[in-house]
Participant: 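The structure under discussion is supplied below as structure tokens; questions concerning it will follow.
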Amino acid sequence: MVKITKEQDTEKNYVRMLKVIEEFLKDEKDEIANLSNISAVLNEYIDNINWVGFYILKNGDLVLGPFQGKPACIRIKGNPGNGVCFACVKSGKLINVPDVNAFPGHIACDSATNSEIVAPIYKNGAIYAVLDIDSPVLDRFCEIDEKYIDQVAQAITKWATTP
Ligand code: SME
């Protein structure tokens, strides 16, 4: 079993977290097993968050996947495609929202959330899921968070795309 040990330094902590995630992805192809463990790993390593998990794109809707935190919206409809998660799907890029209350169409699953970061995950070149992380802290996510959360999404993209 992969050991979870944390570092004080933010970047070192993220580097260690990525290694743990790559270790989990290495030998297993089951989606639920891997995304479940990755959401648990992210929850262990990232401080000051209240929700972390995945929404999987299914027939145009984003459907709740493995996560850690309070129960969340089960299905985010592709029509009209509101919220931060669909903004990420539409742009195809990571979105960092410092204040969700100022984001038009934000979908509040937990009123404690104040900031949110969402990264796209691709499979064979098309968006397959998003990684969503919420925080009760305003402006919680900085450039270092963006860099490594994007790298997590890229590691899952590589795993999802590899036959
Ligand atoms: N806030 C997201 C919805 C998902 S929850 O945060 C878990 C959004 O606006 O798309």
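Values below: every heavy atom of this structure, side chains too, minus hydrogens, waters and symmetry copies. In listed order, ligands and their atoms are each counted from 1. These figures come from a predicted structure and were not determined experimentally.
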Participant: Under 3.5 Å between any N/O of F86 and any N/O of ligand 1: does that happen in this structure?
Facilitator: no
Participant: Who's the nearest protein heavy-atom neighbour of atom 6 (O) of ligand 1, and how far?
Facilitator: D134 OD2, 2.8 Å
Participant: Salt-bridged, R16 to D9, with N to O below 4.0 Å?
Facilitator: no
Participant: Polar-atom distance check: A72 versus ligand 1, any N or O pair below 3.5 Å?
Facilitator: no
Participant: Examine the side chains of E11 and Y148 and answer whether a donor and an acceptor come within less than 3.5 Å of each other.
Facilitator: yes
Participant: Side chain, backbone, both or neither: which part of D110 has a heavy atom under 4.0 Å from ligand 1?
Facilitator: neither
Participant: May I ask you to say whether E116 pairs ionically with R140, meaning some side-chain N is under 4.0 Å from a carboxylate O?
Facilitator: no
Participant: If we only count N/O pairs under 3.5 Å, is W51 in contact with ligand 1?
Facilitator: no
Participant: For atom 10 (O) of ligand 1, what is the closest protein heavy atom, and at what distance to 0.1 Å?
Facilitator: C85 N, 2.9 Å
Participant: Can you tell me if Y55 contacts ligand 1 (heavy atom of the residue under 4.0 Å from the ligand)?
Facilitator: yes
Participant: Between the side chains of E146 and N96, does any donor sit under 3.5 Å from an acceptor?
Facilitator: yes
Participant: Does NZ or CZ of K123 come closer than 6.0 Å to the centre of the six-membered ring of W159, within 45° of the ring's axis?
Facilitator: no
Participant: Would you give the length of the straight line joining atom CG of D61 to atom CG of N59, rounded to the nearest 0.5 angstrom?
Facilitator: 7.5 Å
Participant: Considering both backbone and side-chain atoms of N82, is one of its nitrogen or oxygen atoms within less than 3.5 Å of a nitrogen or oxygen in ligand 1?
Facilitator: no
Participant: For atom 1 (N) of ligand 1, what's the nearest protein heavy atom and its distance?
Facilitator: I107 O, 2.7 Å
Participant: Can you report which non-hydrogen protein atom sits closest to atom 5 (S) of ligand 1, along with the distance?
Facilitator: C109 SG, 3.1 Å
Participant: Quick test: of every protein heavy atom, which one is nearest to atom 8 (C) of ligand 1, and how far off is it to 0.1 Å?
Facilitator: V84 N, 3.3 Å
Participant: Salt bridge check: are K26 and E23 linked by an N-O gap of less than 4.0 Å?
Facilitator: yes
Participant: Would you please say whether a donor-acceptor pair under 3.5 Å links the side chains of T113 and N50?
Facilitator: yes
Participant: Name the closest protein heavy atom to atom 4 (C) of ligand 1, giving the residue it belongs to and the distance to 0.1 Å.
Facilitator: D132 OD2, 3.4 Å
Participant: We want to know whether Y128 and E31 form a side-chain donor-acceptor pair, criterion being a heavy-atom distance below 3.5 angstrom.
Facilitator: yes
Participant: Any atoms of ligand 1 less than 4.0 Å from a non-hydrogen atom of E116? List them with their elements.
Facilitator: 1 (N), 2 (C), 6 (O), 8 (C)
